[in-house]
Amino acid sequence: MKPLSGRKAFLFKFCAVLLSLVATFLLLEILARSYGPAYHHFFIRTDYHLDNPRGYYSPLGGFEGRTVYGIPYGIDERGFRGQDLDREAPPPPPEKPGILALGDSFTVGMGVRYDDMYLNRLSGLLRKDGISVAIENRAHVAADIEAIYIIYKHLKNPGRFPITLYGFVLNDFGLPERYRISGVDFIDANAGEREYDPWRRRIALYNLVMSRLEKWRLHRVTVKAYQEAFTPPYSKGKFHLLSLLADSVEKNGSTPVVVLFPLLYDFDHYPFAAAHRSIREFCESRGIHFLDLFPSFSRYKPLDLWCHPTDFHPNELANKVAAEEIFSYLKREGLLDLLRREPDPAGATRP
């Protein structure tokens, strides 16, 4: 056979290489579509979605020909979480005050049904144990330690509750100003997709690469920020506020309980153990009851506890686990006895 001329040989090799690259790309694309991460379109806010992969959410309306899913939250006259608007109103809570709850969106129950919130599940566990008391939820979305302290100081007669439970999340201390984190964070991946990229939906391999880059950036920048937030000198003022909050609770005759929610991220190599340890040591030094939910949450994969692939708030399973762990802790520490006591007119409890 006559050998190919120089030009023809070059074209032959070029086509062979090009076909090899195309074949390799197609193979990788097939693998990425089968095993790679999905790409979800950001929509307005954390808890509104343009898909409903778990079938948990209700259709709320339409947007550009697509259905918007979420939860129609009910808000009471004071601006705090109430029953979902598409559900019947719950029966009035017991008159006997039991637990005052403080916190941010985790305690508000963002992303979960009202009945699935850990406070309402906790109420059910208490009733099964013969304790019928009101749990008053005074959590607020995006509240940090400063806002939580202000909310508490403006409550009327908070001492009527024998127990004050603070659902603590690591972002409650905020982040040092020098860390300006844009894009995804450990709670809301929607923030990384505000500028919708149609190519990430069309090409799974491209989406896989971008997802890995986002995760690398997230881990590198955000981990440092969160770790520094619990290291002096930044953390000094934050722990001081937490101490003032505990002082106020105790002065009002209530028992403070801090429940620490881990960030639902990489439980196998969890980067925030030092932050958890600093909160534990603070509470132990102050004699504050403390429960870390990391051991119970880490029995699951983080994604099994997410509300949605773009919303890393605790879902209904995580809220159920939290309620069971809190109930067990209160029982183990003898704090359920406080809820069995009769309140006196001054707001304190008596045997």
Check step by step if side-chain contact (heavy atoms from CB on, under 4.5 Å) holds for Val141 and Met110. CA-CA 8 Å; Val141 174; Met110 177 172 272; 3.9 Å; yes
Main chain of Phe239, side chain of Ser243: is a donor-acceptor contact present, judged purely on distance under 3.5 Å? no
Stepwise, does the salt bridge (Lys or Arg N to Asp or Glu O under 4.0 Å) test hold for Asp86 with Arg113? CA-CA 10 Å; Asp86 61 349; Arg113 288 282 184 183; 2.7 Å; yes
Mind checking the OG1-NZ spacing from Thr231 to Lys236? Nearest 0.5 Å is all I need. 14.5 Å
Go through Phe106 and Val108 one step at a time and tell me if the side-chain contact (heavy atoms from CB on, under 4.5 Å) criterion holds. CA-CA 6 Å; Phe106 279 42; Val108 169; over 6 Å; no
Does any part of the side chain of Phe80, heavy atoms only, come nearer than 4.5 Å to the side chain of Arg138, both counted from C-beta? yes
Which pair of heavy atoms, one from Asp84 and one from Tyr114, lies closest together, and at what distance? OD2-N, 3.2 Å
Side-chain ion pair, Lys320 and Glu324, N-O less than 4.0 Å: yes
How long is the gap from NZ on Lys251 to CG on Leu244, to the nearest 0.5 Å? 9.5 Å
Assess, by modelled atom type and distance only, whether the side chains of Arg280 and Ser285 contain a donor and an acceptor separated by less than 3.5 Å. no
Answer yes or no: is there a donor N or O on one side and an acceptor on the other, between the side chain of Ser254 and the main chain of Phe161, under 3.5 Å? yes
When you compare the side chains of Thr107 and Tyr118, does any donor N or O come within less than 3.5 Å of an acceptor on the partner? yes
Give the minimum heavy-atom separation between Gly74 and Leu85, together with the two atoms involved. CA-CD2, 3.8 Å
For salt bridge (Lys or Arg N to Asp or Glu O under 4.0 Å), just list the numbers for Glu284 and Arg277, CA-CA rounded to whole Å, side-chain angles, deciding distance to a tenth of an Å, and then say yes or no. CA-CA 10 Å; Glu284 288 176 349; Arg277 185 166 56 251; over 6 Å; no
In the structure I gave you, are the side-chain heavy atoms of Asp144 and Asn171 within less than 4.5 Å of one another anywhere? no
Verify, without hydrogens or angle tests, whether Tyr329 (side chain) and Phe290 (backbone) share a donor-acceptor contact under 3.5 angstrom. yes
Between Phe173 and Phe230, ring centroids under 6.0 Å: yes
Sub-4.5 Å side-chain heavy-atom contact between Arg127 and Ile131: no
Looking at Leu291, Val258, Val259, Ile148, which hits side-chain contact (heavy atoms from CB on, under 4.5 Å) with Phe168? Val258
Please tell me whether Ile145 and Ile150 are part of a single hydrophobic cluster in this structure, the criterion being side-chain heavy atoms less than 4.5 Å apart. no
When you look at Lys331 and Glu333, which way does the salt bridge (Lys or Arg N to Asp or Glu O under 4.0 Å) test go after all the steps? CA-CA 5 Å; Lys331 190 170 187 176; Glu333 294 294 310; over 6 Å; no
Check whether any side-chain heavy atom of Thr67 lies under 4.5 Å from a side-chain heavy atom of Tyr69, and answer yes or no. yes
Asn315 (side chain) donor-acceptor with Asp304 (main chain) under 3.5 angstrom: yes
Verify the neighbour count for atom NZ of Lys238: are there more than 12 heavy atoms of other residues, nucleotides or ligands below 6.0 Å? yes
Does this structure show an ion pair linking Asp129 with Arg340, if we count only N-O contacts that are shorter than 4.0 Å? yes
Residue pair Met117 / Arg81: nearest heavy atoms and the distance that separates them: SD-NH1, 3.6 Å
One should read off an interatomic distance between Tyr226 OH and Leu170 CG, to the nearest 0.5 angstrom, of 7.5 Å
Between Asp311 and Tyr48, does any side-chain donor sit less than 3.5 Å from a side-chain acceptor? no
Give the ring-plane orientation class for His308 versus Tyr57, where under 30° counts as parallel, over 60° as perpendicular and anything between as tilted. tilted
Would you say Val257 ends up clustered with Leu338 if hydrophobic residues are merged whenever their side chains have heavy atoms under 4.5 Å apart, either directly or through other cluster members? yes
Measure the spacing between CG of Leu335 and CD1 of Ile326 and express it to the nearest 0.5 Å. 12.0 Å
Aromatic centroids of Tyr270 and Phe294 separated by under 6.0 Å: yes
Looking at side-chain heavy atoms only, is the closest gap between Pro271 and Val223 below 4.5 Å? yes
Cationic N near anionic O, under 4.0 Å, Arg286 to Glu281: no
I'd like to know if the side chain of Trp306 and the backbone of His313 have a donor-acceptor N/O pair within less than 3.5 Å. no
Measure up the Tyr265 and Phe272 rings against each other and bin them: parallel (under 30°), tilted (30 to 60°), perpendicular (over 60°). tilted
Are Thr255 and His289 close enough that a side-chain donor and a side-chain acceptor fall under 3.5 Å? no
Check against side-chain contact (heavy atoms from CB on, under 4.5 Å), Arg160 and Glu136: CA-CA 11 Å; Arg160 69 187 186 277; Glu136 191 160 324; 3.2 Å; yes
In the structure I gave you, are the side-chain heavy atoms of Ile135 and Leu126 within less than 4.5 Å of one another anywhere? yes
Are Leu303 and Leu317 connected, step by step, through hydrophobic side chains (Ile, Leu, Val, Met, Phe, Trp, Tyr) whose heavy atoms are closer than 4.5 Å? yes
Value for NE2 (His154) from CD1 (Ile151), rounded to nearest 0.5 Å, stands at 10.0 Å
State yes or no: do Leu28 and Leu21 share one hydrophobic cluster built from I, L, V, M, F, W and Y residues joined by side-chain heavy-atom distances below 4.5 Å, directly or via other members? no
Do the side chains of Ile71 and Ser58 get nearer than 4.5 Å, heavy atoms only? no
Evaluate side-chain contact (heavy atoms from CB on, under 4.5 Å) for Leu100 paired with Tyr152, printing each intermediate quantity in order. CA-CA 10 Å; Leu100 171 65; Tyr152 182 79; 3.7 Å; yes
Would you compute the distance between atom CG of Asp292 and atom CZ of Phe261 and round it to the nearest 0.5 angstrom? 11.0 Å
Would you say Tyr56 and Asp116 are linked by a side-chain donor-acceptor pair, where the criterion is simply a distance under 3.5 Å? yes
Any link between Ile279 and Leu241 through a network of hydrophobic side chains (Ile, Leu, Val, Met, Phe, Trp, Tyr) touching at under 4.5 Å? yes
Taking NZ, NE, NH1 and NH2 as the nitrogens, is one of them in Arg54 or Glu316 under 4.0 Å from a carboxylate oxygen of the other? yes
Does any part of the side chain of Leu305, heavy atoms only, come nearer than 4.5 Å to the side chain of Phe312, both counted from C-beta? no
Minimum heavy-atom distance between Ser248 and Tyr149, given as atom pair plus value: OG-CE1, 4.0 Å
What are the two closest heavy atoms between Pro314 and Cys307, and how far apart are they? O-SG, 3.4 Å
Identify the two heavy atoms, one from Pro162 and one from Gly98, that lie closest to each other, and give their separation to 0.1 Å. CD-O, 3.1 Å
Do the side chain of Ser123 and the main chain of Leu119 share a donor and acceptor less than 3.5 angstrom apart? no
